[in-house]
Structure formats: structure tokens, C-alpha cells
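Worth knowing before you read on, the calculation uses all heavy atoms, side chains too, and leaves out hydrogens, waters and symmetry mates. Letters A, B, ... mirror the listed sequences (proteins, then strands); counts begin at 1.
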Amino acid sequence: MITRETVEKIAKLARLQLSESDLEKYTGQLNNILADVEKLKELNTDAIEATTHAVEVANPLREDEVKTNTVIDAVLEISPDHEAHFFRVPKVL
Amino acid sequence: MTTFETVIGLEVHAQLKTKTKIFCSCSTEFGKPPNTNTCEVCLGLPGVLPVLNRKAVEFAIKAGLATHCSIQRKSVFARKNYFYPDLPKGYQISQYELPICLKGYLDIEFDGQKKRVGLTRIHMEEDAGKLNHDFGSSDVSHVDLNRACTPLIEIVSEPDMRGPKEASAYLRRLRDILVYLDICDGNMEEGSFRCDANVSIRPVGQEKFGTRCELKNMNSFRNVERAIEYEVKRQEALILDGGKVVQETRTWNADKGISESMRSKEEANDYRYFPDPDLLPLIVEDAWVEELRKQQPELPVEKSERFAKDYGIPPYDAEVLTADKAVAQHWEEAVKAAQGTEPKKVSNLYMTHLLKLQKDIPETFERITSSIVAEVLKMTEDGQISLGMAKEILDEVAASGKAVKLIVEEKGMVQVSDTGAIEKVVDQVLADNPKNLADFRGGKDKLFGFFVGQTMKALGGKANPKVVNDILMKKLKG
Amino acid sequence: MELHHLTLSQAAEKLRKKEVSSVELTQNSLKRIESLDPKVGAYLTVTADSALTQAKAIDAKIASGEKLPELSGLPFSLKDIFLTKGIKTTCASKILHNFIPPYTATSAQKLFDQGIVLTGKLNMDEFAMGSSTETSAFQQTKNPWDLSRTPGGSSGGSSAAVAAGLCYGALGTDTGGSIRQPAALTGIVGLKPTYGRVSRFGVIAFASSLDQVGPMTKDVRDCALVLNAIAGYDDRDSTSFKTAVPDYTQSLKKDCKGLKIGVPKEYFIPGTDPEIDAAVRKALETYKELGAEIHEVSLPHTEYAVPTYYILAPAEASSNLARYDGIRYGHRAEGAKDLLDLYVRSRSEGFGAEVKRRIMLGTYVLSAGYYDAYYLKAQKVRTLIRRDFEEAFKKVDVLVTPTSPSHAFKLGEKTDDPIQMYLSDIFTINVNLAGLPGMSLPCGMSAGKLPIGMQLIAGSFQEEKIFHAAYAYEQATQWHQMRAPL
Ligand SMILES: [Mg+2]
Ligand SMILES: [Zn+2]
């Protein structure tokens, strides 16, 4: 059972703010979804390997060659706040 | 009173010297204007995907081989999730459960003792960007992502070190190796070789580890020692006072000489690691490891032992000469080129002169090639010039890059070996100093040096010292 | 036939025979969007000017006798999840309401290289999270067959636009059924290729290990043409697969002699609408007539697919969506008092309810102490689900199932009940978990004049078998010729 406090903690971790009514609603909904998920416990998976990728081959590797890229100018243009080629944020302590 | 034992484990982040970043093709060049070494991938734009740099993997394997690790056939990149403005994707891609290198060791020496320090693991990860706090207005920070996605290896030691000296000996050895492998430039001040220390204390004899603190922000070997010393005292005082050490991260303030608490672990992030679905497992075949093993250079310890043994130079000289790979190579080539000259003499020239010269003139070893060293030493052996002249010539080569012959001609540096000319001068010197001559003949042997000096001075320093000695000896005895 | 009812292939044919110009096709599409889209609500952005410029350029090339790829000059649209350089791309989220990408997705670029004319960007569920396109932050897309109903989701803008004849084809993405379910609900063909068949580079990520790009078209041949254009290895996507791309039009054969069709018994369940069940069974009869062998097979772990998916997809999503932080692009809250406030308010204002719900769920299942019980467990069950398919494909070439358990449902009908909504993907999710190719194609019409879709599933990189079976069925029936009454 997920409590309201847990939901609040998770929201903080995810950098989300939930209204009182959302908190209530999400607590209920998450509990319902996780109750469904309990079904997986029926299966004994001790000896089963986890699938992280549907198609498992070796990761391709890239050669160490520089490619110049200039998207930064377009990105700064659409950025919410920038100054002299920096992105700007409230003071980080 | 309880005596305590210090327990130290180190985590080193070493920036790899690849041309491009670990997951994109941006340049890793240092000192570029903010955000100019970036692309959609390292800016964390929507829809981008990481592609792993082969060179970065090779460098990690090289580091693992040099530290006796076992190279894992399969390793996996995971995501470490947390929010921070220098982390554009909201997660750092880092190897977590399955790193590329496991279980190695490093043999270190400090205060004349030898010790083996275990390595838990070496894993690969991407660096974060940089926050600039002193640009513009004081209520904002500025984000520069040039460094974001630069390849790092994190080298985690076992908690095997028992004091600050051991810790810095370990760090130096580790840095020398990485620099030798040419995979990291080892610059602590610029942050390409960074160290965090986990420090705890426990009563002597106790098995269980004490609560540890993590020390950060120590950007020199000296500061690592100082910070650990301070931390040990702080923890001792705390415990003796009846208090408890709290697990936390502390940052070293070098100006004040103290460490300060950053945040307690309770508030620390829950990183929610999971395998990065955008990258498949990294498979390193044995053949690749073997190929890299063949390419491994001789490391400083091995090289120093070999120099001492093969060339008969003192272990101290060998260690100094091998600390820098380029110097070691330069020296060994000079020894080979200067056949007939004692290696110890070659070593002396480096130890007493060239290494100092290099500090003033960084191009020293480019301008003074090994064959120039050999040439100049040969000239002294042949009595053509004095050792003093040799050093003068080398100084000039280092400063101007001029040819040795030209310098010799310009300065008229030809050593006088003509016995007739020297005899004439010696006769004059003896005539000018009758009292000293009498004293010498009366048994004051020390005055020999005086006569050598006078004779050399009269000859403008260009006389062959051996010839001067022989003539003086003969004439003084009368 | 009217221009807008043509398939891609038919329109291409007319273009080649110079019976029509690209400008005419484009103008016709744009006019149709202008008159009908206010009702359908498929488009978030219409790129009329650049489309006409593109069309003119193609016409000039045709006039000069240049030989062009088959898709050249044909009006085409993209789900608003594909990054298009210089053209706003929102993923139907407020958090990207002002986002102009500086680069183009590989799959979109491949289509541009073929000369398609981009007419616009299509509505979707916010960040592709939904099955009805109702979670879009901007507008409601309606089903062209019945404007009070959903076009499915998350690629509902794409399905609606193709079904309404607003464009000749579209790209969608499919994480748990988001191409196939809307295709079924709007009577068109939608293919989710094998994971790794099409590059994901430049496609806004929802759940990286499940997401796949695919065509949404009026018929099977069109689908093959589009897959030909977009498939293949991309050195910017490490999970794309280095294997040759066949010409899928070569697989379009009319008979099914020797083809072994598997019918997984777990997909024929009481919860499915009886009309759908009956339509798919009837299709199996057709296959028999075409010479196929029908075998019953079992995929015993089918019932675990939905809970497995509802751990894995939100977990990956919670991490993929961390980059929307209001710092470098996208929505930033006004007047944040500090950094934490900036993060929390930008994200809370920018994300809609369904996205937040999934971020919360994903964050929870990955958080300290729960990883093994949820995420790791789900990955292990994923292995069991994969193995079920591997076993089945030892015996048969393709599987036939319903695509969706229900017809297009009424707008608003399931919005308050996430679990009911999640169940609409019950037949499609397994395919993503196993990384397999799956296609939905029309196989019937309900009494209430709503399209019915059936799903064909094949083994890894066996899209050719799907095209073979799909084309043979399609040519033997008329369902693909039905057009929405607009
Ligand atoms: Mg690290
Ligand atoms: Zn980059």
C-alpha cells in the first residue's frame, strides 16, 4: 500500500508538485495499478534472466573523430533564459 | 586513552584523453567559449541517443590492464537519475552493476615501505557540465555544457589505506600510470584527475569500520593529505567528546584549511539506477583485450627497475628519470647514442641540469634532442670542452634552438689542450703567487685547487682540466 | 475516384503518368485539411507554405525528366513526436509548446530524401501516453467514422488524418500499441516494425526499450513502400540493427499456400467485443481458403503483459522526461524563486495529468528498495513473454489476433479510469515487450459502422511474412477500400 506521504516523497523526487486533490487521486490510482502488478508475483522468476533489450546484440562503437556541430545557436535562441552563450538559472548554492 | 586507526578508500575520476566525447562526436578541447563544444546529444535535446566512443573503451581497458584488473567481457551502462543544471538529460550515464574492470591492485611505496592497495573496480561514465557562479549578476548561475559528456573513468579503491601519506602515494602512483598510458593528462588543478576520499576511523583492533565521511574538492596531492589529516582529527575529537560521526559529504576549503559539511546522506538523492535502454551491453572480446595488452607500454615502476639494473644508475636517479615517460625515453636514447659515456654521467647531466632547465624552458627536450646530449657529452669526454661549457651550450640550444657547432664557434669554445700554452700560463701563475707556492710545498695540499682555479681563470675557462692538472702537479712539485 | 481517396501508390502512379502534379495533390490535401480538420482535429501544425514550395520543386524535377523515387511529391504528415528542423515539434505537451527543433529525425529525413511533401504535424497523446489522443494538451482529435468517438491513440492524429484522406500516409510511433490500435479503430493499415528496424534518433522518447517508428497508410502496399524508405541501421541509434533491408514490396503475394498461421488461444477471450471476435474468426476462414494452414498455439504469459508494461514503460519514461526541466528549452515557469522552484513549477505546469501519473509510477518503481520487486521482476517476466513467442514461431509463420478488444469508444468514456484505458492495449503490448513486428489491417465493419482491425505478428525481422499474409488477405477482401464518410 502506498501512502499519501510516499506519493508526496515520490513527487519531490520527480520534481513535481501535486495539488491536494491530485495527491488524493494519484494515491488511489497508483495503488490500483500496483495492485494489478501484484499479479506478477504468481510467477517464479528466480532462474530467469532479465530482458533489458528486445534485440540483444553487442553495442556498436563509434570512431573517435570530431564532427563540428552548431545547433547551440538555435538552441540558445529558443532557450527560456540565456546570457552571453550561457544558459542562465537561478543561483545554485 | 583509545588509539584510533584511520581507514581510507579513494574514488578517482580521471578524464580520458580522447578527441571526442564519450557519447557524441563533439570535441573535448579545453578552454573553448561556453557551450561551443556541444551538439544535440550532449545538450540533452529531445530524441537524441548516445553512441559509445571506441577509444574511450580502449582507454578504460588500458587502465584496467595496467592495474591488474580483470576486464569484463560484458559490461552495462546504467542511468543515474538526479536533477541538476549541469546534467542536461536529468541522468548521468554510468556503469553501475556491471563495470568494465573488476578487482585489481596497485603496489605503492611510502616512507620506505611497500604496500599493495586493492582496486574494487574501474567503470566508465560521462562527465557533467560546469556551473559558473561569478559571471554577471550575483543572483544567477550560468551553465556551460562544454564538459558535459566528456569520458571519465572512475577508479574505486578498497578501503586499504591507513593514513594520508599512503593515500597520496597511491594517488601519485595511479596518476603516473594513467599519464604513462597516455590516456589522461593527470592535471589535478584543471580537474582532469579528481579525487574523493572516504575516511573513517576505528579503535585499533576493531574489525568493523567506523562511519565514514566523503571528502570532496581537494585539487592537489598536498590538499588530499591536508584534508584527510584534518578529517581524522575532526572525527577523533568528535568521538572522544562522546559524539558520533554522521555519514555525510564534506567539501575541503583549502583557504581555511577545514572541511565543511555539504549535505547529510538522509537528504541525498535516490538515484534510481537502471540499465540504459538506449545502449546495448558493451561486449569486449578477448582478442581485443590481447591486442591492447600487447600495446601496453612499460610502466614507471618496471622502467625504473630496469634502468637501475641495466644501466647501473642509482635507484633514486632511475625513479626521477622515469617519473615522466618522455624524459625517460629521451634519457635512454641519449645513453644509447653516447656510447662510451658512463650512463651515470648521462644521468648526472639530467639530474643536475636538464630537468631544471626544462622547468624554465618547456621546449628543452624538443630542442635538445638525445643525439645533441650525446654529442655534447662526447665532446667533454674527448676533452674538447669542459662540463661547464657543455652546460652552457645546452642552455643556449634550449633557449634558441641553435646548432651546437654554431654555438661552439660563436663562443670560441675550444678547450686548450696545447701543453706548451698551458705550461706558459702555469709558470706565470706560480711566479705571481710565491707565498702560496711556498705554503703548498710546505705541505698545504689544499692549495692545489687554488692553483687550478688561477690557471683556468687565466685561460678563460677553456683549458682541458686534465692537462692543467697534470702540468700543475709536475711543476708544483718543482 | 476522388484524389484524396487514392492510396500512396495510386497517387504516385498518377503523378508518374503526369495526370496530376505534385502541386495539385498538395493543394488538394491542404484544401481538405482546411475544410475538414476543424471537425477532425488531426493537425497541430499545417506546413502549407513549405509544402507548396516542396511540391513545386518536385514538379520541376518531373518536368525536367528526372527519375524520382516512388514517394516523391506525395503529401505526407508526421506525428508531432518526430523532430523536424525549424518546424515546431510539441509532442502534444505544453512543456514543448514553443519548441523549434534544430535537427530532423532520421526516419523523417529519409522520407524527405525520398521527396515526400510534408503537410504538417499530427496530434497525439501527450508524450505518446494514452490510447485515445485525449491526453493531448492542445486539442481533441475525432474518429472520421464517427466524430463522437476516439481515433485511438497515441497516434490518433495520424490515424485520423489518413482515414479522413487529409494526407496519403503518416508516420506514427508504437510503444504498447500506439500505431496498431488507432489503425484498427480508423480502418487503416498500421505497422510496428521489429525493435531496431527503424532508427529512433530524433523521435521524442517515451519508453526507449519499447518505442518503435512505423507507417500508417491506407493499404498494405503503401505500408511496404514507406517501410522501405525508413528502415535500416542508423549510426546515431545504437539500438538500430545492422542488417540488410529487403524490398518489402517483393513480399506482396496473393496466395497463402503453405503459410502457417497461428491462433493464440489467449487472444480470443470473453472480454473482446463479439463483433471483433467474429470478424477475426472470419478472416481465419478466408486464410484457409487462400491455402494457409491454421494452428492453435498458446502464449501462456499473455495475461502478464499489461502489468509488466505498466512497470517498464513508466520507469523508462520517468527518466526520459527528466530533461524537460525548463533550463535549456521548453516551458519555464515565471518568476521562480530558486532552482528547486524552477524545476517543480516548470514541470508541474508543463506536464498533463497522465504524464504526471506515469512519471510518478515510474519514479516509484525505480526508487530505493523497490527496484527488484518491480523493475527487475518485470524484466524477467518480459523474458518469459519473449520465450512464449519464440516457441510459437517454431511452429508457425505468423500469428493472427484481434488488434483491440473494443471498437472506437466514445470520447471521455475512459478518461477517468486509467486501468480501463490501459486495457485497450491488451493485445498489442506483448508485441512491444518481445520486440516483434506487428501489423493491424482492416478486417471488418461493425453494425454501427465502425472499423475492425486484425493483428498479424511475426518473428524478429520477419516483416516480409507479415506483408505476405496481409497483402494476400487484403486482396481477397474489400475492407481496405472503405473510406470514412466525410
Ligand atoms: Mg562517478
Ligand atoms: Zn555533443
[X] atom [atom1]: more than 12 heavy-atom contacts under 6.0 Å:
X	atom1	value
B/Lys80	NZ	yes
B/Glu260	CD	yes
C/Lys380	NZ	yes
B/Phe135	CZ	yes
B/Asp139	CG	yes

Item checked: Least distance between heavy atoms, B/Leu43 atom then C/Tyr329 atom -> O-CE2, 4.5 Å
Next item on the list: Identify the two heavy atoms, one from B/Leu279 and one from C/Thr239, that lie closest to each other, and give their separation to 0.1 Å.
Entry: N-CG2, 4.5 Å
Notebook entry, point to check: Should C/Arg328 and B/Leu145 count as side-chain neighbours, where that means a heavy-atom distance under 4.5 Å?
Noted result: yes
Next item on the list: Would you check if B/Phe83 and C/Arg347 make a side-chain contact, meaning some heavy-atom pair closer than 4.5 Å?
Entry: yes
Between [X] and chain B, with a heavy-atom cut-off of 4.5 Å, which part of the residue counts as in contact: side chain, backbone, both or neither?
X	answer
C/Tyr343	side chain
C/Tyr324	side chain
C/Phe99	side chain
C/Thr363	both
C/Tyr195	side chain

Next item on the list: Report yes or no: do C/Arg323 and B/Tyr91 form a side-chain donor-acceptor pair below 3.5 Å?
Entry: yes
Checklist line | Verdict with reasoning, C/Tyr375 to B/Arg272, per side chain to side chain contact (heavy atoms under 4.5 Å, CB included) | finding: CA-CA 11 Å; C/Tyr375 193 78; B/Arg272 290 159 285 138; over 6 Å; no
Check: Is the side chain of C/Ser238 donor-acceptor paired with the backbone N or O of B/Leu49 at a distance under 3.5 Å, no angle test?
Finding: no
Checklist line | Donor-acceptor contact below 3.5 Å, side chain B/Asp270 vs main chain C/Ala368 | finding: yes
Check: Between B/Ser141, B/Pro277, B/Pro46, which residue shows the highest count of heavy-atom pairs closer than 4.5 Å to chain C?
Finding: B/Pro46
Item checked: Leading residue by heavy atom contact count with chain C [cutoff under 4.5 Å; candidates B/Pro50, B/Cys24, B/Gly44] -> B/Gly44
Between chain B and each of [options], count heavy-atom pairs under 4.5 Å; write down the option with the most.
options	result
C/Asp325, C/Asn320, C/Leu340, C/Leu339	C/Asn320
C/Ser208, C/Ser318, C/Ser319	C/Ser319
C/Ile81, C/Asp237, C/Leu210	C/Asp237

Atom pair [atom1]/[atom2] of [X] and [Y] - distance to nearest 0.5 Å:
X	Y	atom1	atom2	answer
B/Glu40	C/Lys85	CD	NZ	9.5 Å
C/Ile204	B/Leu45	CD1	CG	10.0 Å
B/Asp278	C/Asp211	CG	CG	9.0 Å

Note to self: Against B/Phe274, only a single residue in C/Leu366, C/Leu376, C/Val365 fulfils side chain to side chain contact (heavy atoms under 4.5 Å, CB included); can you say which?
What the structure shows: C/Leu366
Margin query: Quick check on B/Tyr273 against chain C: is it the side chain, the backbone, both or neither that has a heavy atom closer than 4.5 Å?
Written below: backbone
